[in-house]
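A quick note: this is a predicted structure, and the numbers were derived from the prediction, not measured. Computation of the quantities below employed the complete heavy-atom set of this structure, encompassing side-chain atoms and omitting hydrogens, waters and symmetry-equivalent molecules. Throughout, protein chains are lettered first and strands after them, A, B, ... in sequence-line order, and every chain is numbered starting at 1.
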Amino acid sequence: MKVFTYSPGGVHPDESKLTKDLPFEVFNAPPIAVIPLQQHTGAPNTPTVKVGDYVKVGQKIGDSTQVVSAPVHATVSGKVIAIEERLCPTGAKVQSVVIENDYKDDWVELTPRSSFEDLSGEELVKIIREKGIVGLGGAAFPTAVKLTPPKGKVIDTIIGNGAECEPYLTVDHRNMLEYPEKIIKGILIEMKITGAKKGIIAVEENKIDAANVLQNKINELGVKDVEVVLVKTKYPQGGEKQLIKAVLGREVPSGGLPLDVGVVVQNVGTLKAITEAVLEDKPLIERGVTVSGNAVSKPGNYIIRIGTPASFIIETLGLNRKLRKLIFGGPMTGIAQSTVDVPVLKGTSGILMFGDEALEMAPEEESPCIRCASCVDSCPMGLMPVLIDHASRKNDLKTAESLHALDCIECGVCSYVCPAKRHLTENIKKVKQAIIKQRKIEAAKQAAFEKLKAQRMKEKENSQKEVKNG
Amino acid sequence: MANYDIDLVVTSAPHIRDKVTTTSIMRDVIIALTPALIGSIFIFGIRALIVVLVSVVSSVLAEVVGNLLFHKKPSLNDLSASVTGLLLAMTLPPSSPWWMVVIGAFSGILLGKMIFGGIGSNPFNPALVGRAVLMVSWPTQMTTWVKPFSAFNQPLDVITTATPLNVVKLQGYAQLLSEFGTKANLYKALFLGTIGGSLGETSALLLLIGGIYLIARKVIDWKIPVIYIATVFVLSPLFGRDPLFSILAGGLFLGAFFMATDYSSSPITPLGKVYYAIFIGFLTVLIRQFGSYPEGVMFSILLGNAVVPYFDKIMPRVYGVFPKKEVAK
């Protein structure tokens with residue numbers, strides 16, 4: 001079987017997939033669920049329940065009229081005890097619905113379907129939106145929006161993303177092994193929606209067992225237009241842009257989206273969730289999460305309800321040493337937490353717990369850049385991280401922009417390889433934010449200027465009229 | 001949560017880093033230099049070892065002085081000063097007096113590196129800066145070569161010889177061939193290093209072993225050494241020179257694997273490296289042919305260093321950014 005990859009760049013860190021052979025276990029529901037109203041990229045939701053309301057599992061508790069959004073649902077049954085701002089693993093404080101679990105697991109009524117064939121694309125998109133499906137790979141972009149390309153854009157291929165290139169994380173791997181049929185059906189649903197003729201499930205070489213399981217299931221189901229391909233095990237093979245280049249040889253234009261080259265890339269976990277939404281009528285109330293790292297006593301892959309606080313997970317699984325680092329996501333792009341009082345979100349693919357060693361794994365202290373060019377050679381976007389970093393440190397936005405800083409996918413590879421342990425990714429992120437902020441300010445200035453100009457013109461006209469009339 | 005000991009540290013991603021450090025890279029360079037160093041001691045005797053020791057010790061001392069002088073943090077543990085000391089020693093004649101070695105090391109470290117801000121900030125290779133200072137200050141001592149295997153039994157100042165490139169420059173290739181008998185003998189002597197020359201540059205074989213080690217360990221990129229040597233090989237016949245002789249003689253292998261690849265004085269872009277290597281190869285051939293020195297590696301690399309900022313402008317193509325032509329389609 002041919003193995004696909006992209007070039008240039010990429011690295012191969014220690015895979016550390018400690019939990020790959022551990023099947024999913026259903027995690028206990030927490031006594032208190034904290035469900036943030038915004039767990040997706042896009043507009044925040046407004047609550048559809050009040051404090052004191054009784055809610056059932058799967059009941060919608062927040063929604064928005066904005067296009068780029070996804071509703072959220074209650075993940076336990078019980079009483080809403082608060083609607084207030086709570087800290088999210090993203091570092092932001094988000095309006096959240098706090099539900100006290102009554103442990104009755106009282107579900108809203110679901111009406112499963114036997115098939116999706118008789119539904120139209122529009123109906124399918126509507127279901128996907130209503131069930132609150134977002135990208136489960138980490139970015140949490142609303143899936144319904146991703147599947148509704150603007151007019152004139154033709155989607156020809158759906159790529160199921162089973163690369164899972166971040167070390168430690170194994171949820172996608174388990175999803176492929178345990179739910180191959182749901183993943184394949186998810187791709188078929190997306191093909192029906194977008195009219196794509198082809199579906200490809202890309203699996204990293206280190207998960208060849210998953211590739212085989214999927215291939216066998218495809219044969220068993222007699223599915224014609226979906227194939228499984230192997231991609232090289234390297235990081236960030238699972239980055240959308242890298243995966244498209246590897247599998248199809250296409251490059252998403254700078255500033256563009258995969259749909260600009262006729263592709264939708266979807267995490268395999270998302271595909272599974274789509275099938276469950278369409279065929280089982282099930283909203284997104286739980287997800288697979290890899291809990292790993294050397295500080296947790298019982299690492300594994302768990303199906304965890306969204307809104308479960310990290311503190312409850314720690315209490316349930318136990319720690320075997322002092323916890324020094326709690327990471328939501330993978331070690332390359334995940335976010336280190338300052339407190340254990342943060343909930344699992346739709347976008348939480350992993351929770352990693354480390355002891356003191358974690359501090360040595362990513363030293364804080366930088367030494368001078370020795371111009372070794374490792375960051376240049378390993379950047380999967382063909383950027384010059386060292387130069388963007390220099391520009392960022394000087395706050396030279398213009399130079400950073402001309403070096404295509406905005407094309408950085410923030411994969412962390414440059415910092416990872418840097419022998420001087422310089423904080424390249426962090427500084428590039430900073431300069432990107434500064435550039436975006438400056439653009440906004442400039443746009444606002446321009447708008448204000450136009451407004452003023454229009455006002456002056458009007459005044460002039462009025463005064464001319466007055467002169468005439470006078 | 002009172003049952004658990006939790007003291008969270010917040011840092012930004014990535015939370016894991018590669019094991020390679022500046023120090024481990026420098027250690028690899030030292031390891032790679034070891035075969036050629038041992039070879040030089042074998043060929044030129046205890047004098048070679050003394051030159052190496054004096055060079056390393058004074059380079060380290062110069063680094064300490066530089067740190068104090070320019071109010072920099074102590075930087076000895078990155079091993080870069082030791083590497084500079086080793087490299088400088090390799091470019092010196094085995095008969096170099098100790099005071100010359102000390103001056104070379106201090107010039108290299110202070111003028112070549114510390115005044116620019118220390119490791120990573122030097123536009124020129126510090127070891128070559130040190131050598132250049134010595135070359136223009138004491139040209140006689142810097143071109144007095146001892147015969148291989150002579151140091152053990154005879155007083156050094158009596159036995160002098162010329163390097164093969166020197167013989168070619170002054171007396172012609174035919175004379176050199178007649179000294180060695182056959183081409184095969186000449187190549188063999190050059191490859192093994194049993195000839196006159198700077199102490200670490202004579203054995204192409206031992207330098208090649210070190211170079212391959214560095215490439216295998218991914219410390220250096222193959223592009224610069226391979227293209228540099230290939231350029232000299234291809235251009236030499238145009239000037240009527242024996243190509244194989246041209247790449248084996250003189251300091252080319254040392255320069256190609258250990259000097260031209262110096263991170264801070266060579267380009268960082270993939271394509272820039274290619275053009276840089278061709279450029280210094282071209283200069284080496286020109287200096288050897290038309291310059292007043294028989295050897296052209298040192299000055300061609302130093303001149304190449306000066307042009308690095310231009311080579312660095314040849315950046316890789318960014319993903320998703322296409323040449324204008326393709327956009328027009």
Checked A/Gly334, A/Cys414, A/Pro368, A/Gly330 vs chain B; the most non-hydrogen pairs under 4.5 Å come from A/Gly334
Examine whether an atom of B/Ser266 lies under 4.5 Å from a heavy atom of chain A, and if so say whether it belongs to the side chain, the backbone or both; otherwise answer neither. backbone
So, the side chain of A/Lys234 versus the backbone of A/Pro13: is there a donor-acceptor pair under 3.5 Å, distance only? no
Counting heavy-atom pairs under 4.5 Å to chain B, which of A/Val261, A/Ile335, A/Val252, A/Leu359 comes out on top? A/Val252
Is chain A contacted by the side chain of B/Ile25, its backbone, both, or neither, given a heavy-atom distance below 4.5 Å? side chain
Tell me, side chain or backbone of B/Lys218 under 4.5 Å from chain A's heavy atoms, or both, or neither? neither
At a heavy-atom separation under 4.5 Å, does A/Ser415 approach chain B through its side chain, its backbone, both, or neither? both
Whether A/Lys17 and A/Glu166 form a salt bridge (side-chain N of Lys/Arg under 4.0 Å from carboxylate O of Asp/Glu) is what I want to check. no
Check whether A/Pro167 gets within reach of chain B through its side chain, its backbone, both or neither, counting any heavy atom under 4.5 Å. side chain
Tell me, do B/Ile119 and B/Asp78 make a side-chain contact under 4.5 Å, heavy atoms counted? yes
Pairwise side-chain contact, B/Ile280 with B/Tyr276, heavy-atom cut-off 4.5 Å (strictly under): yes
Within the 6.0 Å centroid threshold, strictly below: B/Tyr228 and B/Phe257: no
For A/Thr339, is it the side chain, the backbone, both or neither that has a heavy atom under 4.5 Å from a heavy atom of chain B? backbone
Residue selection (most heavy-atom pairs with chain B, distance under 4.5 Å) from A/Gly412, A/Ala373, A/Cys372, A/Ser254: A/Cys372
Which portion of A/Met384 sits near chain B, non-hydrogen atoms under 4.5 angstrom: side chain
Under 4.5 Å between any side-chain heavy atoms of A/Leu383 and A/Leu403, yes or no? no
Quick one: do A/Glu251 and A/Lys245 make a salt bridge, cutoff under 4.0 Å? yes
Can A/Lys322 and A/Asp356 be counted as an ion pair, charged N to O under 4.0 angstrom? no
Residue, of A/Ile327, A/Asp407, A/Thr333, A/Thr425, that accumulates the most heavy atom pairs under 4.5 Å with chain B: A/Ile327
Largest heavy-atom contact set with chain B, pairs under 4.5 Å, which of A/Glu360, A/Glu410, A/Glu426, A/Arg371: A/Arg371
Among A/Gly256, A/Gly318, A/Gly329, A/Ser16, who wins on heavy-atom pairs under 4.5 Å with chain B? A/Gly318
Salt bridge check, A/Arg393 against A/Glu366: does any charged N sit closer than 4.0 Å to a carboxylate O? yes
